[in-house]
Amino acid sequence: MSNIKGQGPVFRPSGLMISIHCMRDMLEAIELGRPSSQTDRVLFQGLDVFALPAREVVQRMGQFISIEEDPDDDASFIAPDLLLSFWRPFAADDEPEEEQGYHFSSVLLARPGYYDTPAQAAERLQQNS
């Protein structure tokens with residue numbers, strides 16, 4: 001997937017990374033990377049998804065939406081109904097000093113069908129026609 005007009009991600013002074021993924025001139029997904037300071041915050045239903053421990057984000061988000069462990073990566077989680085994906089390089093839920101595994105590193109918001117397999121994409125096309 002390429003970024004809009006071939007440009008790379010944007011980094012805010014806080015370290016917050018913003019990346020827009022497009023395909024065939026259509027928005028596919030927006031990815032946000034964890035800032036290094038609290039100047040910029042990313043909130044969902046009042047939850048700061050990068051400041052709170054990853055396990056707490058998952059537990060508290062579970063009160064609002066369906067969220068499940070990514071079957072391919074036990075450190076990551078997906079909220080399929082909202083097409084949200086939360087990623088970290090590894091899980092370190094009991095080690096706050098291991099920041100990369102204790103907090104989520106990125107969150108991705110995608111369009112419907114973003115995670116579809118080719119068979120699911122074909123079925124989605126058939127349903128929408």
Side-chain angles (χ1 to χ4, degrees):
M1 241 179 265
S2 64
N3 292 332
I4 289 180
K5 299 181 184 175
Q7 295 182 12
V10 172
F11 289 89
R12 302 251 317 133
S14 68
L16 176 68
M17 183 273 302
I18 304 167
S19 180
I20 299 173
H21 304 273
C22 292
M23 186 179 287
R24 295 182 299 276
D25 294 325
M26 294 184 67
L27 180 63
E28 293 282 311
I30 299 170
E31 183 177 8
L32 303 171
R34 187 169 188 263
S36 52
S37 76
Q38 287 290 306
T39 307
D40 288 316
R41 296 171 53 208
V42 176
L43 303 175
F44 176 83
Q45 298 285 343
L47 299 176
D48 190 327
V49 299
F50 292 129
L52 294 171
R55 277 288 167 198
E56 185 175 342
V57 170
V58 170
Q59 289 169 346
R60 292 176 62 182
M61 286 192 70
Q63 298 170 6
F64 303 107
I65 59 168
S66 170
I67 187 166
E68 55 202 42
E69 196 172 278
D70 184 333
D72 299 323
D73 180 358
D74 63 0
S76 300
F77 292 81
I78 298 172
D81 296 339
L82 297 179
L83 297 159
L84 283 173
S85 176
F86 297 86
W87 179 84
R88 57 189 168 161
F90 55 89
D93 294 320
D94 297 325
E95 301 176 38
E97 66 281 353
E98 191 63 69
E99 206 161 293
Q100 287 188 25
Y102 193 66
H103 296 93
F104 285 117
S105 298
S106 70
V107 62
L108 181 124
L109 172 62
R111 64 153 181 81
Y114 186 78
Y115 292 113
D116 285 357
T117 64
Q120 290 169 322
E123 184 179 325
R124 184 182 297 276
L125 279 173
Q126 194 172 29
Q127 288 175 352
N128 291 336
S129 58

Could you measure the distance from the [atom1] atom of [X] to the [atom2] atom of [Y]? Nearest 0.5 Å is fine.
X: His103; Y: Glu56; atom1: NE2; atom2: CD; answer: 9.0 Å
X: His21; Y: Glu28; atom1: NE2; atom2: CD; answer: 10.0 Å
X: Phe90; Y: Asp74; atom1: CZ; atom2: CG; answer: 12.0 Å

**OP:** Start with the C-alpha gap between Arg55 and Phe77, add the side-chain angles, then the distance that decides, and say whether side-chain contact (heavy atoms from CB on, under 4.5 Å) holds.
**Re:** CA-CA 10 Å; Arg55 277 288 167 198; Phe77 292 81; 3.4 Å; yes
Original post:
Relative to each other, are the rings of Phe104 and Phe86 parallel, tilted or perpendicular (30° and 60° limits)?
Top reply: tilted
Subject >> Full working for side-chain contact (heavy atoms from CB on, under 4.5 Å) between Leu47 and Leu52 >> reply: CA-CA 8 Å; Leu47 299 176; Leu52 294 171; 4.1 Å; yes
Original post:
side-chain contact (heavy atoms from CB on, under 4.5 Å) between Val107 and Phe44: does it pass, once the steps are laid out?
Top reply: CA-CA 11 Å; Val107 62; Phe44 176 83; over 6 Å; no
**OP:** Check Arg88 against Ala54 and note the closest heavy-atom contact, atom names and distance.
**Re:**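 So the two residues come closest at NH1-CB, 3.3 Å.
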Original post:
What's the shortest heavy-atom distance between Asp70 and Asp72, and which atoms?
Top reply: OD1-N, 2.8 Å
[X], [Y]: one ILVMFWY side-chain cluster at the under-4.5 Å cut-off?
X: Leu108; Y: Phe11; answer: no
X: Leu32; Y: Ile67; answer: yes
X: Ile18; Y: Val42; answer: yes

**OP:** Dump the intermediate steps for side-chain contact (heavy atoms from CB on, under 4.5 Å) on Gln63 and Gln45, then the final yes or no.
**Re:** CA-CA 10 Å; Gln63 298 170 6; Gln45 298 285 343; over 6 Å; no
Original post:
Does any donor atom in the side chain of Asp40 or Ser14 lie under 3.5 Å from an acceptor atom in the other side chain?
Top reply: yes
